[in-house]
Amino acid sequence: MKVLLSWLREFAPEIDGDPVELGETLSALGLAVEEMTITGEGLDGIVLAKVLDLSPHPDADKIQLVQVDSGDGEALQVCCGAFNMSVGDLIPFATIGTVMPSGMEIAQRKMRGQMSNGMCCSAAEIGFGDDHDGIMLLTEDADESQLGAPITEVLGIERDVLYDLEVNANRPDAMSVAGVARDLAAALGVPFSFPERAVERTGADASAQATVEIIDPDLCGRFAARVIHGVTVGESPKWIQNRLLALGMRPINSVVDISNYVMLELGQPNHVFDLDTLPDGHLRVRRAADGETMVTLDDAERTLVSRDGVIADNSDQPISLAGVMGGLTTEVTDTTTSVLLEMAWWDPPSISRTVKRLNLPSEASTRFRRGADWGDNIDRAMDRYCELIAETGATICPGQIDVPGNTPSQDFTTARVARVNSLLGTELTGDEMAAHLNGIGFAATVADDTLEVTVPTWRWDSIGGNSHEFEANIAEEVGRMYGYEDIAKTVPKGEQAGHLSEYQSDRRLVRNALLGMGCDETFPMPFLAPGDLSRVGLSDDGVTLSNPLDANESVLRTSLLPGQLKAIAYNQSHRISGVRFFEIGSVFLPPAEGELLPDEREYLAVALADSDATEAIAVLNALDGVLAFPNVRLFQTDDIAGMHPTRSAEVAIAGRPRGVVGEVAPSVLEAYGVSGRVAWLQLDLGAVLNGPHGRRSYTPVSKFPSSDMDLAFAVPEGTGADKVQGTIGKAAGALLAELRLVDTYRGEGLPEGTRSLAFRLRLQAKDHTLTDDEITKTRDAVIAAVAKTNKGQLRG
Amino acid sequence: MELTSIVDGTSAQIADAGDLEALDALERSSIGKKGELTLKKKELGSLEPDARKAAGQALNEAMRALSDRFAERRSELAAAAEATRLASERLDLTEALTEIRRGHAHLVTQARDRLEDVFVGMGFTVAEGPEVESAWYNFEALNIPEWHPARGSFDTIFVDLGEPEQVMLRSHTSPVQIRTMENQKPPIYIVAPGRTFRTDTADATHLPAFNQIEGLVVDRGIGLGDLAGTIESFVHAFFGHEVKTRLRPSYFPFTEPSAEFDISTADGGWLELGGCGVVHPNVLANCGIDPEEWQGFAFGFGIDRLAVMRYQLDDIRELVNNDVRFLRQF
């Protein structure tokens, strides 16, 4: 919402002061100033000039040579990039030495060899609206006797301040100049009042010419109408056009401009029907019937639903979409002479639903949605409209059709002073609160430490549906007028200690471990293109978005693999090889039976470019070391979606499937444009961290000497090294201090179908030095067990 | 006399010994078990007691003197040998071929961790919730009914589940407030960081997926002053004590009174950081918390923006491009 300081002063003439400070006061009231512009300044040196001649520039297509008379009767040459002028046009002209509102100084200069002695100005260049296209033509607004006169004089521009305010959805009143003035006057402690409007009325009473019937009083709280004759649709007065332009509205004609002017000034949207198009002048205000149709002003046929509100004529044909848009058949046209002027109060939720369903936002419906004023403001706006239209020659009939519907009722009226103070953190008295409220039109009195408050008709938002809500509403108004900045700052202390959950700490542990392993953390977006999942061999059952911004971002991921492969491919395409990535992020599996929301899980992925499966296993083992899982097992299999058939395994932790490890299938890498091998680990981190882990027990470190032995076995292919390791561990028993696979060998010297697995054992007793006999016995037991359990023969 | 010349002679030989081997051999031949002087000692028995005593003393002194010299020379040689070895091990440390690469935590994670740590220090715990939400959690429980004009301002990305517009990518982290209040009795002191979504086309300053952190306190007698104090305390810890804060009235359906909060900038201006307010009593009631007994405040702001501000990123899309030339800068 834009407001002009001069306009605010029509309601509170004592508003005064530094424009910046006034802006800060507005912001502190919750009317945040997004932009402040001083208009009518910086126009010294800009004068009215006349176009004497136009000719092409000899060496440039995009500029022409203009000869102007800037008041001294002499022709002055200017180079100009606009072509909308004709000889004889009057234009604003910046003379040499002028500093434009933008700060640019006009100097004499050569453009492609031709002298330019000033600048012809567009409307925007002199701070007059947003029109940058072409030079502003003033032929109809000025006459030649004014040549050379300052443009401010010619256009009647006075110095003014324009504020562009961010008005929140709970401030229907502040969608008007008067409403902003009321708040600002209260904050400054200066008087606020509405000017008296005198309108002469003649002819038959309005009620004899039109009638209104409210069928659905829940839809319409009040419907008022007046009858106006002798309407001529022409150009509105310049001062109205100037103010509309300043507030960002384009002047159209007198009827529309006055309508907009009244809406901007008082916040009351209004609509005029061509009275001659209304049979018997009768209107019926009702809900639409499902499937009913009407053609709106924009010539579009609208199919209505029963929640929509309409105004119908006496044949019950809808002629206006209530509060949203007028109908084509009753529109005011050039031939219109008599109109019915409507000002109503519509149920905000009803208007909101229709606007949203038909996607028809407008200045009018925005005000109705927030809750317009159902009180005296309607009469005031009627008077204002009539006053302005009367100035164009129209006559206003006496009387006002005024039909009540259900206006909002204020069911809650009391607010405890103590509660208001508690919500704000203030120590105000009830009288102080009442004074703040009365300043903005809330009628407040105090009795027994309780405020009794009547909410004004222009603050629909503050009525409240229950007593606590009402107290909160009142607290906000008191706080706003008292000043948020003056509220003492305190820091509440909870009784509990702040902490991360075990899950959150463990997640950081995992992340830090991966960072330590040289992996960079990635953060791809969770959206995929259709087909991304099938390209990694997964089913295309990802949850889809209803209104994606881009078809390539329309599916929610069920795996972190596509995102990681895209990241690797992106880096490879920039000649960066060997990246090591990890990601912790959500995947969205289809909802479980009977659930509305997807089965959302937090996954961990590790993707190591130019690495083979063993590196992924090493990462898994390192994470096992960090998180101390009770039991990690690999089930190597050739049918994991997207994975290399001979280099991948399912990961089971504590007996439950928790992810996959190995290498990405070459075909998948190719589909994503990734070269080289990619080692891959993906775990359901949520399940893993919520499952058993981290239970460690202490074993005292032995003080006795240890003894190492290396044993190599020829073990049949297909018998996992982990199985042999398990056998050795069991057979070596309590003396085994350490055990690991140190070498593998395939080739000559081994029985057919076997490979050599070499293990290193460290034996150590807790309470004595090992004897040779113990060592030998352990060695024999291990050899025998591997031979028996794994068919592994000790190699010589 | 004979002894003196032996000692002198041997001393000279000790000084000449060029390595430990030569020195050891000399020691053996001189004061070793079968050394010259040791043998002399054995001959003492044949002397008269008086003469034996004098000769014995002289001999012992001579042997002790030589032994000292041997030890002295030995440590000299050892030091020289050590010096030679170290010299031969010389590395030019400017020739760094070995690399131990650390990984880089994502900028957003770094900012989020730091925010969490500050709030944990202030007595908060960290709450999380799903990224796909129902209309109840994303809107209705937050006092944003279906017809509310504010709904449109969230630019929600909806999901094809359930009835139209009933399931969505959460447009703010506020649903976590609702889930927490439904499951936990007051007092509540939480922050909820996480990913949120809006129908913003990706460009240099927008992403359809971004990160927020939200705070919620529900306790007895909580009001706007507590909110202002908590925000100030946080801002001092996170941005520094010289940074000032202010609250300006604003509007959110889920808080009343509502405010925007600003922080002061180095050039004397103000920067809007986020929104906040006193929890709307309807929101408390929607979660089964009695608004007569409990009051609360909530606040929220963008995490990505903090990273963008701190490093003056010129294109926010770098946060999701996963270009290592970007990731490894932080």
For F119(B), which atoms come within 4.5 Å of any heavy atom of chain A: side chain, backbone, both, or neither?
neither
Between R102(B) and D520(A), is there a side-chain N and carboxylate O pair less than 4.0 Å apart?
no
Taking V132(B), T125(B), V278(B) one by one, which has the highest count of heavy-atom pairs under 4.5 Å against chain A?
V132(B)
Between Q295(B) and S422(A), does the side-chain hydrogen bond (donor to acceptor under 3.5 Å, both in side chains) criterion hold? Intermediate values first, please.
CA-CA 9 Å; Q295(B) 296 170 195; S422(A) 173; 3.0 Å; yes
Per-residue contact mode, T544(A) against chain B (heavy atom under 4.5 angstrom):
both
Check whether E600(A) gets within reach of chain B through its side chain, its backbone, both or neither, counting any heavy atom under 4.5 Å.
side chain
May I ask you to name which of V217(B), I100(B), D117(B) has the most heavy-atom pairs under 4.5 Å with chain A?
D117(B)
R307(A) bridged to E146(B) by N-O distance under 4.0 Å:
yes
Among N547(A), I487(A), V491(A), which residue has the highest count of heavy-atom pairs closer than 4.5 Å to chain B?
N547(A)
Please find the pair of heavy atoms, one from R353(A) and one from W147(B), that lie closest to each other, and give the distance.
NH2-CD1, 3.6 Å
Would you call K244(B) and E485(A) a salt bridge, taking side-chain N to carboxylate O under 4.0 Å as the test?
no
Can you see whether E116(B) engages Q504(A) through a side-chain donor-acceptor pair at a distance of less than 3.5 angstrom?
no
Minimum heavy-atom separation for L327(B) and F581(A), please, with both atom names.
CD1-CE2, 4.0 Å
One thing to verify: whether K489(A) and D226(B) come together as a salt bridge, which I'm taking to mean a side-chain N less than 4.0 angstrom from a carboxylate O.
no
For each of A285(B), P145(B), S258(B), S153(B), tally heavy-atom pairs with chain A at distances under 4.5 Å, and name the one with the top tally.
S258(B)
Please classify the contact of F582(A) with chain B as side chain, backbone, both or neither, using a heavy-atom distance under 4.5 Å.
neither
Who are the side chain to side chain donor-acceptor pair (under 3.5 Å) partners of T426(A), not counting sequence neighbours?
N421(A)
Check: P257(B) and L424(A) side chains under 4.5 Å, non-hydrogen atoms
yes
For R195(B) and M525(A), which heavy atoms make the closest approach, and how far apart are they?
NH2-CA, 3.6 Å
Are any of the side-chain nitrogens in E166(A) or R248(B) under 4.0 Å away from the carboxylate oxygens of its partner?
no
Looking only at P149(B), S233(B), G277(B), A209(B), the option with the highest number of non-hydrogen pairs under 4.5 Å against chain A is P149(B)
Answer with side chain, backbone, both or neither: which region of R601(A) has an atom nearer than 4.5 Å to a non-hydrogen atom of chain B?
neither
So, the part of L549(A) with a heavy atom under 4.5 Å from chain B: the answer is side chain
Are side-chain N/O atoms of H104(B) and E521(A) paired as donor and acceptor at under 3.5 Å?
no
Side chains of N466(A) and N282(B) only: does a donor on one sit below 3.5 Å from an acceptor on the other?
yes
Heavy-atom distance under 4.5 Å to chain B: side chain of L556(A), backbone, both or neither?
side chain
What residue, out of N322(B), D323(B), V120(B), T230(B), has the most heavy-atom pairs lying under 4.5 Å from chain A?
N322(B)
So for A169(A), is it side chain, backbone, both, or neither that comes closer than 4.5 Å to the heavy atoms of chain B?
both
Non-hydrogen side-chain atoms of S546(A) and D160(B) separated by less than 4.5 Å:
yes
Please state whether the side chain, the backbone, both or neither of E471(A) comes within less than 4.5 Å of a heavy atom of chain B.
neither
Between R151(B) and chain A, which part of the residue has a heavy atom less than 4.5 Å away: side chain, backbone, both or neither?
neither
